Amino acid sequence: MMSLLDALADAPEATSLKQLAGATELHPSTAHRILAAMCNARFVERQDAGTYRLGIRLLELGAIVKSRINLREVALPFMQELHESIGEAINLGARHDDEIVYLERTSSGRSLVRVVYLVGGRAPLHLTSLGKLFLAADNPQKIRDYAKRTGLPGKTPHSLTTLAALEKELDKVRRHDIAYDDEEAEIGLKCLAAPIRDDEGNIVAALSVSAPADRHDPEWVAKIKQTADAVSHALGYLGPKK
């Protein structure tokens, strides 16, 4: 049954019994018997031409699974693994209106820099590496609207407080699919973040690593991307559409 489901998922259109039997190496009579049971359960639909395609029941079950996914629970094991690898604080955040909300954090336990944003805390999008990923996904008009609504307040001399500076930074974020906070929320603290996408490719959250500026390592870029991608895949994201 699973091999037939996989074969139907791989087929771009409704598929014949002969093709399915060949793809799964099942005897045609065996494939036919299993497909009949799957049709009765609405996992598969049989077309008038004697071909088969995936059924609506799978969509219904998929919607149930999606509604029950807890982003924090999915991400936490991956966050802990990354934390153990690099020994620094890992943050999970999601957008709420014009702010990032911190959903989870693994503490490094060795930072002398004061942590500005704890779990449940909020921060303006443009001041954080997490928030910049969400802004970069917006169109130019929405970014201008954000700048007008918020006034782009700063917290340090490094904060991006003009629309031109923000747009230039967001262009780099789009090109590299990675975002940075270069002491923009707190002097001495740097962050870098990678996006987490859902099954439709939308950014639903992001992961960041935050550490004192003198401890930052360029190798973290690949590691944070790999971890964020792993969480995305766990949420059903299969990669960019071709």
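Just so you know, these numbers come straight off a predicted model, no measurement behind them.
For Asp182, the side chain to side chain donor-acceptor pair (under 3.5 Å) partners at least two apart in sequence or on another chain are Lys190. Here Ser85 pairs with Lys223 under the side chain to side chain donor-acceptor pair (under 3.5 Å) rule; sequence neighbours left out. For Arg33, there are no salt bridge (Lys or Arg N to Asp or Glu O under 4.0 Å) partners two or more places apart in sequence or in a different chain. Scored by the salt bridge (Lys or Arg N to Asp or Glu O under 4.0 Å) test, Glu167 finds no partners at all (sequence neighbours excluded). Legend: residues meeting side chain to side chain donor-acceptor pair (under 3.5 Å) with Asp171, ordered by chain and number and at least two apart, are Arg175. Contacts of Tyr146 classified as ring pair (Phe, Tyr, Trp, His ring centres under 6.0 Å), with partners at least two apart in sequence or in another chain: His126. Asp6 meets the salt bridge (Lys or Arg N to Asp or Glu O under 4.0 Å) test with no other residue; sequence neighbours excluded. Residues forming a side chain to side chain donor-acceptor pair (under 3.5 Å) with Gln19 (at least two apart in sequence, or on another chain): Ser16.
Side-chain contact annotation: Asp98 with Thr150, donor-acceptor N/O pair under 3.5 Å absent.
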Worked verdict on Ile143 versus Leu163 for side chain to side chain contact (heavy atoms under 4.5 Å, CB included): CA-CA 8 Å; Ile143 295 168; Leu163 178 59; 4.1 Å; yes
Intermediate values then yes/no, side chain to side chain contact (heavy atoms under 4.5 Å, CB included), Leu92 and Arg105: CA-CA 6 Å; Leu92 173 68; Arg105 186 175 193 271; over 6 Å; no
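The salt bridge (charged side-chain N to carboxylate O under 4.0 Å, His left out) test with Asp138 singles out one residue from Arg174, Lys132, Arg95, and that residue is Arg95.
Applying the ring-ring contact (aromatic ring centres under 6.0 Å, His included) test to every pair with at least one member in residues 188-234, sequence neighbours left out, gives these pairs: His216-Trp220. For residues 39-50, the pairs satisfying salt bridge (Lys or Arg N to Asp or Glu O under 4.0 Å) are Arg42-Glu60, Glu45-Arg53, with sequence neighbours left out. Residue pairs satisfying the ring-ring contact (aromatic ring centres under 6.0 Å, His included) criterion with at least one member in residues 165-187, sequence neighbours excluded, are absent. Applying the ring-ring contact (aromatic ring centres under 6.0 Å, His included) test to every pair with at least one member in residues 3-32, sequence neighbours left out, gives no pairs at all.
Cluster annotation: Leu152 is connected to Phe134 through the hydrophobic network of ILVMFWY side chains, with a link wherever side-chain heavy atoms come within less than 4.5 Å. The cluster map of Ile, Leu, Val, Met, Phe, Trp and Tyr, joined by side-chain heavy atoms under 4.5 Å apart, puts Tyr102 and Leu133 in different clusters.
The shortest distance between side-chain heavy atoms of Ile90 and Ser210 does not fall below 4.5 Å.
Among all heavy-atom pairs drawn from Ile224 and Ile178, the shortest one is CG2-CD1, 3.6 Å.
The neighbour count for Gln80 CD, taken as heavy atoms of other residues, nucleotides or ligands under 6.0 Å away, is above 12.
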